[in-house]
Amino acid sequence: MATRKIIGIVFSIIAVLSIIIFLIHSDLSFNLKEYFDFSFKSYFSLSYFNQILPLAICLILLYGGVLLIIKPKKSNPILALFGFTVLEEIVFSWFGIISIDFPTYIVAIFFSSALLALWIAYSDTINQKRLSLKEGISSLTLGTLITAFSYYL
């Protein structure tokens with residue numbers, strides 16, 4: 001139980017620090033009017049979504065860390081979603097399919113956090129319910145949709 005809470009706290013700290021780093025280094029403005037595209041193609045522009053994607057991934061990690069502390073049996077699908085989304089981003093970047101503009105240390109931290117999150121979600125090492133096949137497939141599908149939507153809108 002103590003290991004689970006420590007991992008949840010570490011995930012939450014990583015997420016909060018990453019959110020701060022991304023907000024400082026991004027050129028997001030909070031005037032949403034300039035990001036709206038009122039044509040029939042899309043309501044949000046692709047550049048806006050690509051700037052928000054790292055924040056969304058950090059929020060998924062934060063939510064998974066908090067759930068790991070509070071309700072560990074419900075944290076597995078969120079941790080799997082984070083793991084699949086981050087690993088797809090990094091692996092697709094390595095193959096040259098997409099390009100990510102994350103600093104190397106963020107990629108290394110997220111890669112190790114994603115592997116740990118998937119290990120926690122699929123194993124029963126810290127005495128929580130394992131991820132079911134349906135939850136695993138839905139997390140993989142949602143992670144793939146997030147990655148594909150952000151780059152191939």
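In this text, all values refer to a predicted model and were calculated from it rather than measured experimentally.
- The two atoms that bring S113 and I14 nearest to each other are OG-CD1, 3.7 Å, heavy atoms only.
- Both I19 and Y105 are members of a single hydrophobic cluster when ILVMFWY side chains are connected at heavy-atom separations under 4.5 Å.
- Residues F11 and G65 approach most closely at CB-CA, 4.0 Å, considering heavy atoms.
- The aromatic rings of F110 and F82 stand perpendicular to each other, their planes meeting at an angle above 60°, with 30° marking the opposite boundary.
- Atom CG of L59 is separated from atom CD1 of I78 by 11.5 Å, given to the nearest 0.5 angstrom.
- F92 meets the ring-ring contact (aromatic ring centres under 6.0 Å, His included) test with no other residue; sequence neighbours excluded.
- No single ILVMFWY cluster, assembled from side-chain heavy atoms under 4.5 Å apart, contains both I137 and L87.
- For S139 (side chain) and E135 (main-chain N/O), a donor-acceptor pair under 3.5 Å exists by modelled atom type.
- By the 4.5 Å heavy-atom criterion applied to side chains, L142 and F84 are not counted as neighbours.
- Contact annotation: the side chain of E89 never approaches that of V107 to less than 4.5 Å [non-hydrogen atoms, C-beta and beyond].
- Note that CG of L53 is 8.0 Å distant from OG1 of T85, once rounded to the nearest 0.5 Å.
- In terms of heavy-atom proximity, A121 sits nearest to N76 at CA-OD1, 3.5 Å.
- Think of L145 as one node in a network of Ile, Leu, Val, Met, Phe, Trp and Tyr side chains linked at under 4.5 Å; it has no links at all.
- Distance CG/L81 to OH/Y63: 11.0 Å, rounded to 0.5 Å.
- Remark: A15 pairs with L61, L62 by the side chain to side chain contact (heavy atoms under 4.5 Å, CB included) rule, at least two apart or across chains.
- A side-chain contact (heavy atoms from CB on, under 4.5 Å) with S12 is found for exactly one of L68, I7, V66, namely V66.
- Note that the CD1 atom of I9 and the CD1 atom of I6 stand 7.0 Å from one another [nearest 0.5 Å].
- With hydrophobic clusters built from ILVMFWY side chains whose heavy atoms lie under 4.5 angstrom apart, F95 shares a cluster with I90.
- Atoms CD1 and CD1, on I24 and I20 in that order, are 6.5 Å from each other to the nearest 0.5 Å.
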- prompt: Which is it for E88 and L140 under the side-chain contact (heavy atoms from CB on, under 4.5 Å) test, yes or no, and what are the steps along the way?
  reply: CA-CA 9 Å; E88 286 171 359; L140 176 65; 3.5 Å; yes
